[in-house]
J.: 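What follows is a structure written as structure tokens; I'll ask about it next.
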Amino acid sequence: MKVQKILTFSLVGLSLVLAGCGGGNPSSSGTTSSRQSGGTYDVVMWADEKMHEIFSGEVAKFNEINNGGYTINLTLENCSEADAITNMLNDIESGADLFCFAQDQLARGVMGGALSELGQGATAFVAENNDAGSVAAAKTGGKTYAYPLTSDNGYFMYYDKSVVKAEHIGSLTDIIADCKAAGKNFSMETSTSAWYLASFFFGTGCHSNWTTDANGKFTAVDDDFDSDKGIVACKAMNELQNSGIHVSSSKASDFAAAKPSAVVVSGTWDYEEAKKDLGDNFAAAELPRFTVDGTSYHMGSYNGFKLLGLKPQQDPYKAAALNQLAQYLTGKDCQIERVEKKGWGPSNKEAKNSPAALENQALTALAAQYPYSVPQGQIHGSWWDIAKAIGSDIKDAKTDADYKAALDLYKGKIDDLFKMSPEEQRAFTVIGQLCDTNWDTDFPMTESPANTWKSAALELKAGNEFKCRQGKSWDVAYPSSNFKVEADGTYIIQLVTDKDGGNGVVTLVPAN
């Protein structure tokens with residue numbers, strides 16, 4: 001992959017002066033302008049397309065009010081928070097200057113050279129203006145590498161209050177019964193997302209804690225999903241999965257599906273959609289309790305954060321401009337605007353106490369769930385695929401031995417992550433909707449000639465999607481968006497990279 005050179009001495013020196021701006025009127029504080037007064041900069045920003053109008057307006061406002069003389073010519077490109085770091089690592093040089101990303105990707109971004117370390121002043125700005133959780137989420141190895149955008153990356157329950165009785169919202173069993181009686185579904189991702197599936201394990205007291213070194217490299221994991229507590233979690237998950245009304249989804253649009261759901265486990269990003277589809281029947285609450293063998297457990301969840309990252313810059317003055325812009329975009333005024341217009345939960349301490357935040361029903365439900373949530377730390381990129389397979393692996397389980405076998409398989413795959421040889425870490429594999437698998441199986445690729453990787457001949461169907469990834473992780477993966485097969489056939493999947501494994505191009509070659 002390509003990594004731009006960083007003028008560290010200049011960037012750190014300039015960012016020392018950026019501690020005092022980020023409210024309504026960002027200022028250059030004089031020191032920067034004594035070296036260079038303002039400037040016009042072309043800036044590419046990655047964000048979900050639903051946020052483009054808001055970010056565009058906020059940058060236009062920054063251009064009007066900043067005292068540093070900066071003018072930002074903004075280009076907004078669509079990229080989800082989940083994909084931003086992966087796409088940056090695929091080609092940092094061509095990546096965005098600013099990008100929104102989920103905090104669990106921080107270590108990968110730092111290790112791959114995609115994130116610029118903040119200087120002392122910028123680090124102080126982050127610490128002084130944001131809640132403790134988001135400040136910690138922006139750090140790895142004791143250093144700060146991003147600006148907090150939200151403190152809301154968790155999940156809870158939206159529900160149709162005409163179906164789910166008020167006295168039942170605290171019981172998973174009772175909610176399932178209400179959904180069955182009304183002929184409606186219960187939407188929660190249990191076989192398609194480890195992020196949601198972990199709710200049952202955290203509810204029984206399980207943990208999965210990953211350790212990284214100062215460079216963001218994963219060195220160890222402390223995980224007890226493969227335990228008696230994990231078996232209890234699996235039993236509770238199967239109560240939902242085998243209820244006959246379960247849908248493995250987290251989309252608020254399920255409320256308006258042909259067979260609608262009465263419950264959707266999701267987050268603040270679905271607030272407006274849920275309100276629109278449910279109308280007067282809209283309600284939101286913390287997740288319920290489940291009971292196994294006479295013992296009651298409250299469903300857990302992850303809590304996390306959205307962050308704003310800055311790509312390392314060769315021009316230290318552009319770096320200073322980007323830091324001022326980032327502080328404005330993550331400051332009080334912009335965070336309040338995003339609460340009002342999109343329901344994003346603030347990390348900024350003043351914005352958290354604004355009327356818009358305090359009156360938001362989704363944020364109220366998230367706050368109620370918070371005591372049962374687990375901070376989302378740095379997690380190995382392969383874990384998401386390994387853990388989400390648990391839901392499918394246990395669905396037909398009947399005995400404790402069946403559950404334990406599935407959890408042993410999970411634990412073995414995690415342990416194998418730390419046993420990979422340098423050759424395995426360098427090698428590419430194919431993963432996706434291939435040959436009756438669903439993003440849970442890596443198909444090997446061989447290198448011939450150098451930097452050209454090929455799969456065996458595979459029977460593919462039109463509409464199948466896949467990616468090629470290195471080291472069975474998502475640190476380096478191609479293409480940036482899933483490759484979609486256009487026609488049925490037998491193909492060899494081919495990936496060509498540069499000598500460093502960057503700039504990968506994926507093609508399908510018909511098998512002879």
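Values below: all heavy atoms of this structure, side chains included; hydrogens, waters and symmetry mates excluded.
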J.: Any chance you could lay out the side-chain contact (heavy atoms from CB on, under 4.5 Å) test for D83 and F101, step after step, and finish with the verdict?
T.: CA-CA 8 Å; D83 293 334; F101 69 100; over 6 Å; no

J.: If we ignore angles and hydrogens, is there a donor and acceptor under 3.5 Å between the side chains of D333 and Y328?
T.: no

J.: Would you find a donor on one side and an acceptor on the other, under 3.5 Å apart, between the side chain of D222 and the backbone of N209?
T.: no

J.: Within this structure, what is the CG-CE distance for the pair L76 and M51, rounded to the nearest 0.5 Å?
T.: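 The distance works out to 10.5 Å.
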
J.: With no hydrogens and no angle check, just 3.5 Å: does a side-chain donor-acceptor pair link S248 and E189?
T.: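 Result is no, nothing qualifies.
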
J.: Can you see whether W210 engages S208 through a side-chain donor-acceptor pair at a distance of less than 3.5 angstrom?
T.: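 S208 and W210 do have a side-chain donor-acceptor pair below 3.5 Å.
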
J.: Which heavy atom of V126 sits nearest a heavy atom of P148, and at what distance?
T.: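 Minimum heavy-atom separation between V126 and P148: CG1-CD, 3.7 Å.
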
J.: A quick test of your reading: do over 12 heavy atoms of other residues, nucleotides or ligands sit less than 6.0 Å from CD of Q425?
T.: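 Yes, because the 6.0 Å sphere around CD of Q425 holds more than 12 heavy atoms from other groups.
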
J.: Going by salt bridge (Lys or Arg N to Asp or Glu O under 4.0 Å), name the residues that satisfy it together with D104, two or more places apart in sequence or in a different chain.
T.: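 Expected list: none.
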
J.: Over 60° means perpendicular and under 30° means parallel, so tell me whether F418 and H380 are parallel, tilted or perpendicular.
T.: perpendicular

J.: Between the side chains of E58 and R338, is the shortest nitrogen-to-carboxylate-oxygen separation below 4.0 Å, so that they form an ion pair?
T.: yes

J.: Taking side chain to side chain contact (heavy atoms under 4.5 Å, CB included) as the definition, give me every residue that meets it alongside A477, ordered by chain and number, with sequence neighbours left out.
T.: T86, K467, R469, W474

J.: Kindly indicate, with the supporting measurements, whether the criterion side-chain contact (heavy atoms from CB on, under 4.5 Å) is fulfilled by E465 and K484.
T.: CA-CA 4 Å; E465 296 186 12; K484 182 174 286 189; 3.0 Å; yes

J.: For the residue pair G343 and D152, what are the closest heavy atoms and their distance?
T.: O-OD2, 4.2 Å

J.: Might you work through the side-chain hydrogen bond (donor to acceptor under 3.5 Å, both in side chains) test for N130 and N348, ending with a clear yes or no?
T.: CA-CA 4 Å; N130 297 280; N348 179 275; 5.0 Å; no

J.: Can you name the closest pair of heavy atoms from A462 and E486 and give their distance?
T.: CB-O, 3.5 Å

J.: State, without any angle test, whether Q335 and S347 hold a side-chain donor-acceptor pair at a distance under 3.5 Å.
T.: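 Q335 vs S347: donor-acceptor pair found between side chains.
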
J.: Determine whether the side chains of S249 and D254 contain a donor N or O and an acceptor N or O closer than 3.5 Å.
T.: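 A donor-acceptor contact under 3.5 Å links the two side chains.
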
J.: Looking at W344, I'd like to know if the NZ or CZ of K306 sits under 6.0 Å from its six-membered ring centre while staying within 45 degrees of the ring's axis.
T.: yes

J.: Could you tell me whether K419 and D415 make a salt bridge, using a distance below 4.0 angstrom between a side-chain N and a carboxylate O?
T.: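 Answer for the salt bridge query: no.
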
J.: Mark yes when over 12 heavy atoms from residues, nucleotides or ligands other than K349 sit less than 6.0 Å from its NZ; otherwise mark no.
T.: yes

J.: If we ignore hydrogens and angles and just use 3.5 Å, is the side chain of N464 paired with the main-chain N or O of L460 as donor and acceptor?
T.: no

J.: State, without any angle test, whether D223 and H207 hold a side-chain donor-acceptor pair at a distance under 3.5 Å.
T.: no

J.: Determine, stepwise, if the pair Y317 / L322 fulfils side-chain contact (heavy atoms from CB on, under 4.5 Å).
T.: CA-CA 9 Å; Y317 301 107; L322 288 172; over 6 Å; no

J.: Flag the pair Y478 / F483 as yes when their ring centroid distance falls below 6.0 Å, and as no otherwise.
T.: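 No, too far apart.
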
J.: I'd like to know whether Y196 forms a side-chain contact (heavy atoms from CB on, under 4.5 Å) with S266, so could you lay out the CA-CA distance, the side-chain angles of the two residues, the decisive distance to 0.1 Å, and finally the verdict.
T.: CA-CA 9 Å; Y196 290 98; S266 185; 4.3 Å; yes

J.: Please confirm whether the ring centroid of Y302 lies under 6.0 Å from the ring centroid of Y155.
T.: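 Between Y155 and Y302, which both carry aromatic rings, the centre distance is not below 6.0 Å.
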
J.: Can you list every pair that meets salt bridge (charged side-chain N to carboxylate O under 4.0 Å, His left out) and has a residue in residues 424-437, with sequence neighbours left out?
T.: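 Listed once each, the pairs are R426-E447.
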
J.: Under the ring-ring contact (aromatic ring centres under 6.0 Å, His included) test, which residues partner F443, sequence neighbours left out?
T.: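 ring-ring contact (aromatic ring centres under 6.0 Å, His included) list for F443, sorted by chain: empty.
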
J.: Under the ring-ring contact (aromatic ring centres under 6.0 Å, His included) test, which residues partner W453, sequence neighbours left out?
T.: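 Once residues adjacent in sequence are excluded, the partners of W453 under the ring-ring contact (aromatic ring centres under 6.0 Å, His included) criterion are F428.
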
J.: Under 4.5 Å between any side-chain heavy atoms of R108 and L89, yes or no?
T.: yes

J.: Taking only residues two or more places apart in sequence or in another chain, which ones pass side chain to side chain contact (heavy atoms under 4.5 Å, CB included) with E77?
T.: V44, W46, T75

J.: Got a second to check how far I431's CD1 is from S473's OG, nearest 0.5 Å?
T.: 10.5 Å

J.: Using distance alone, with no hydrogens and no angle criterion, decide if T71 and N63 have a side-chain donor and acceptor under 3.5 Å apart.
T.: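 There is no such pair between these side chains.
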
J.: Check this for me: does any side-chain nitrogen of one of K352 and D131 sit under 4.0 Å from a carboxylate oxygen of the other?
T.: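 D131 and K352: salt-bridged.
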
J.: Test your reading of the model: is there a side-chain donor-acceptor pair from D498 to the backbone of G501, 3.5 Å cut-off?
T.: yes

J.: Would you tell me whether Q376 and N303 have side-chain atoms, one donor and one acceptor, within less than 3.5 Å of each other?
T.: no

J.: Under 4.0 Å between a Lys/Arg side-chain N and an Asp/Glu carboxylate O for K318 and D42?
T.: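 Looking at K318 and D42, the cut-off is not met.
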
